[in-house]
Amino acid sequence: MSPRLVVGAIIVDDDRRVLAARRNRPAELALQWEFPGGKVEPGESPQQALEREVHEELGCRIQVHAEFESVDGAWPINDELELRVFFASLVAGEPLPGDSHDELSWVAPVDLDALVWLEADEPIARLLQQGLLR
Ligand SMILES: Nc1nc2c([nH]c(=O)n2[C@H]2C[C@H](O)[C@@H](COP(=O)(O)OP(=O)(O)OP(=O)(O)O)O2)c(=O)[nH]1
């Protein structure tokens with residue numbers, strides 16, 4: 001079976017800071033940082049799923065822009081899941097942690113590698129840091 005798709009939003013503000021979200025569950029992923037998002041439901045495009053998940057989890061609205069692709073397109077998570085990430089900008093509301101996160105942080109590019117990211121997100125954060133610092 002092909003892996004289930006998870007989408008994540010790289011929400012960037014006018015100062016090139018990136019919104020990172022710290023998971024509070026499940027226990028093995030708690031306290032690690034991720035790009036807000038979640039699983040794509042049947043019938044949804046990745047972009048629709050991302051807008052829905054960010055609204056459900058953070059209470060704000062985003063506009064989804066270009067995808068940040070790995071050489072293979074998606075970023076592997078495990079045998080069952082793969083991640084696709086998209087740049088995005090806030091269009092309405094202020095992001096606040098909901099049920100899935102205990103903290104949100106606007107992270108300057110220089111500090112991106114200081115966070116403990118979910119494993120699949122580590123290369124993304126590293127490449128973003130290099131790209132956004134340029
Ligand atoms: N949202 C998100 N999930 C990620 C990232 N990186 C990464 O490995 N994951 C993993 C963590 C989880 O195992 C899975 C996403 O699951 P989730 O719990 O956020 O999805 P969901 O909101 O749709 O939750 P559910 O329907 O399963 O309850 O993907 C990331 O940057 N963002």
Side-chain angles (χ1 to χ4, degrees):
M1 253 189 23
S2 53
R4 173 103 188 255
L5 189 58
V6 174
V7 285
I10 305 169
I11 306 174
V12 184
D13 75 1
D14 292 342
D15 298 322
R16 295 188 176 201
R17 294 180 309 171
V18 174
L19 188 66
R22 196 168 72 171
R23 291 187 71 104
N24 57 7
R25 65 185 156 89
E28 62 271 20
L29 304 183
L31 300 181
Q32 298 178 49
W33 294 84
E34 68 174 10
F35 302 103
K39 300 188 184 97
V40 178
E41 297 296 338
E44 270 184 332
S45 69
Q47 289 85 350
Q48 286 169 335
L50 205 45
E51 287 171 13
R52 175 185 54 75
E53 285 282 353
V54 167
H55 185 246
E56 282 173 9
E57 289 183 358
L58 309 184
C60 58
R61 295 284 179 192
I62 56 167
Q63 184 175 2
V64 178
H65 305 295
E67 181 167 3
F68 188 53
E69 293 184 67
S70 77
V71 285
D72 300 318
W75 306 82
I77 297 177
N78 54 38
D79 288 346
E80 282 147 30
L81 298 173
E82 65 181 9
L83 176 67
R84 288 176 62 185
V85 292
F86 295 78
F87 288 101
S89 49
L90 270 184
V91 291
E94 270 306 303
L96 291 171
D99 291 343
S100 314
H101 303 109
D102 65 1
E103 199 176 327
L104 301 180
S105 179
W106 286 102
V107 185
V110 68
D111 296 324
L112 279 168
D113 67 351
L115 298 186
V116 178
W117 293 91
L118 292 180
E119 196 178 355
D121 298 26
E122 280 173 12
I124 304 173
R126 208 167 40 240
L127 289 167
L128 272 179
Q129 179 170 46
Q130 292 163 8
L132 290 171
L133 277 174
R134 225 175 268 147

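Ligands are counted one by one from 1 in listed order, and the atoms in each one are counted from 1 as well.
A single hydrophobic cluster is seen to contain both Trp75 and Val6, as judged by linkage of ILVMFWY side chains at heavy-atom distances under 4.5 Å, directly or through other members.
Formation of a donor-acceptor pair under 3.5 Å by the Arg126 side chain with backbone atoms of Leu112 is not found in this model.
Listed by chain and number, Val6, Arg23, Leu29, Glu34, Phe35, Gly37, Gly38, Lys39, Glu53, Glu57, Ile77, Leu81, Leu83, Leu118, Ala120, Asp121 each place a non-hydrogen atom less than 4.0 angstrom from ligand 1.
None of Val107, Asp13, Leu58 except one satisfies the side-chain contact (heavy atoms from CB on, under 4.5 Å) rule with Leu19; the exception is Leu58.
Applying the salt bridge (charged side-chain N to carboxylate O under 4.0 Å, His left out) test to residues at least two apart or on different chains, the pairs with a partner in residues 69-95 are Glu67-Arg84.
Scored by the side chain to side chain donor-acceptor pair (under 3.5 Å) test, Arg16 finds no partners at all (sequence neighbours excluded). Listed by chain and number, the residues in a ring-ring contact (aromatic ring centres under 6.0 Å, His included) with Trp117 are Phe35 (sequence neighbours excluded).
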